2 protein chains.
Amino acid sequence: MKLTKNQQLVYEALKQAEMPQTAYNLLDGLRDEGLRAPPQIYRALDKLLELELVHRLESLNAFVACAHQHHNDGFSAFSICNDCGAVEEFNLPQVSEILSDWSSQKAFVAETTTIEVRGHCAKCART
Amino acid sequence: MKLTKNQQLVYEALKQAEMPQTAYNLLDGLRDEGLRAPPQIYRALDKLLELELVHRLESLNAFVACAHQHHNDGFSAFSICNDCGAVEEFNLPQVSEILSDWSSQKAFVAETTTIEVRGHCAKCART
DNA sequence: ACGAATTGTGTTATGTTATTACATATGCTA
DNA sequence: TAGCATATGTAATAACATAACACAATTCGT
Ligand SMILES: [Zn+2]
Ligand SMILES: [Zn+2]
Ligand SMILES: [Zn+2]
Ligand SMILES: [Zn+2]
């Protein structure tokens, strides 16, 4: 799967970043590369989300590169520290399983499932 | 627990509504009651969220009244139809359990956990 | 009952996030 | 090489959320 220039720029920027980035963060960081307007960022993000190379953190309005090799099941789960902003992506097959079962029962056709656990990371909780 | 006038207005509006409402939807609906500016809505919502009488649907930037009697575990889960916008709140204790275990292992202190399953409801998927 | 502290309110202005609309360009394929 | 789908650049605008300030109401200890 070949990414276009803007898609690569945004993807690389997200992989470099150690923290979630908003669209406007990304835009600021990529001005030198010639990106100048929000749609350029959002369009690249749309494609990357579709490919699941990137996830959107709904509760932060921010984006991260997928921490795993590549998945295409539409499931993602994160813990997010309210103090330092650290984010960790995790995968709990049991949870996916239970949610799939629930969907089947309800005849709901799931496309994407997002889990966001907000609180305090080990480091911040210690203080 | 006693709600103030604005909090009651917003809460009632959300309970009446059969669909998730954005803050600006609520504002429009409550102009006749004297509410005129976004902060009045957002402040009421903040309080209602804190009491968990209301939930925020992160992926929609919208709000719903809690479908359950009252819970205070910070945990909520929804299915959201991308076609008709219908939302269903559900509760899967097993999932809460697994996520709690994961948090414990990671020494992550969870405050609120949100699950949003997006896709197509039974009715919309049939067509 | 009094004053202080806290909480809620009303309002204006502003900040942040995301999309619409339209013109142009690029790459593929019939 | 014409047509089509996809990508890009740009300006303008829409949608969502908060900051800051003045004032009113409520709570609580004395
Ligand atoms: Zn991932
Ligand atoms: Zn932290
Ligand atoms: Zn609830
Ligand atoms: Zn539906």
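Fair warning: this is a prediction, and the values are worked out from it, not measured in the lab. Here is the naming used below: chain letters follow the sequence lines, and residue numbers restart at 1 for every chain.
Listed pair B:Thr4 / C:dT7 fails the phosphate criterion, with no side-chain N or O lying under 4.0 Å from OP1 or OP2. The phosphate of C:dG10 has OP1 or OP2 within less than 4.0 Å of a side-chain N or O from B:Asn6.
Residue pairs that meet the salt bridge (Lys or Arg N to Asp or Glu O under 4.0 Å) test with at least one member in residues 11-21 of chain B, sequence neighbours left out, are B:Glu12-B:Lys15. Within the structure, every pair that satisfies the ring-ring contact (aromatic ring centres under 6.0 Å, His included) test and touches residues 101-127 of chain A, not counting sequence neighbours, is listed here: A:Trp102-B:Phe90. Note on residues 96-108 of chain B: pairs passing salt bridge (Lys or Arg N to Asp or Glu O under 4.0 Å), not counting sequence neighbours, are A:Glu88-B:Lys106. Residue pairs meeting the side-chain hydrogen bond (donor to acceptor under 3.5 Å, both in side chains) criterion with at least one partner in residues 22-38 of chain B, sequence neighbours excluded, are B:Thr22-B:Asn25, B:Asp28-B:Arg31. Evaluation of the salt bridge (Lys or Arg N to Asp or Glu O under 4.0 Å) test over residues 48-62 of chain A, restricted to residues two or more places apart or in two chains, returns A:Lys47-A:Glu50, A:Arg56-A:Glu58.
Atom-to-atom, CD1 of A:Ile41 to P of C:dT17 comes out at 13 Å; the value is rounded to the nearest Å. Atom NZ of B:Lys5 is separated from atom C1' of C:dG10 by 10 Å (rounded to the nearest Å). With rounding to whole Å, B:Lys47 atom NZ is found 11 Å from C:dT6 atom C1'. Atom C1' of nucleotide C:dT19 and atom CG of B:Asn61 are separated by 13 Å, given to the nearest angstrom. At whole-Å resolution of the value, CG in A:Leu45 and P in C:dA18 are 9 Å apart. Between the P atom of C:dT9 and the OH atom of B:Tyr42 lies a distance of 17 Å, rounded to the nearest Å.
Under the 3.5 Å distance criterion, the side-chain polar atoms of B:Glu89 are matched with a main-chain donor or acceptor of B:Ala67.
Toward the 5' end of DNA chain C, the nearer of the two residues B:Tyr24 and B:Gln7, judged by each one's closest nucleotide, is B:Gln7.
Within 6.0 Å of the CD atom in B:Gln8, the count of heavy atoms belonging to other residues, nucleotides or ligands exceeds 12.
B:Met19 belongs to no multi-residue hydrophobic cluster, having no ILVMFWY side-chain contact under 4.5 Å with any other such residue.
Legend: residues meeting side chain to side chain donor-acceptor pair (under 3.5 Å) with A:Ser100, ordered by chain and number and at least two apart, are absent. For B:Phe78, the ring-ring contact (aromatic ring centres under 6.0 Å, His included) partners two or more places apart in sequence, or in a different chain, are B:His55. Every residue two or more places apart in sequence or in another chain that forms a side chain to side chain donor-acceptor pair (under 3.5 Å) with B:Glu116 is listed here: B:Ser59.
Axis deviation across the helix from C:dA1-D:dT30 to C:dA30-D:dT1 amounts to 40°, comparing end segments of five pairs, rounded to 10 degrees.
With a cutoff of under 4.0 Å to any heavy atom of chain A, the contacted region of DNA chain D is bounded 5' to 3' by D:dA7 to D:dA11.
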Nucleotides 11-13 of chain C: which of its N/O atoms have a protein N/O under 3.5 Å away?
residue: C:dT11; atom: OP2; partner: B:Arg36; partner atom: NE; Å: 3.3

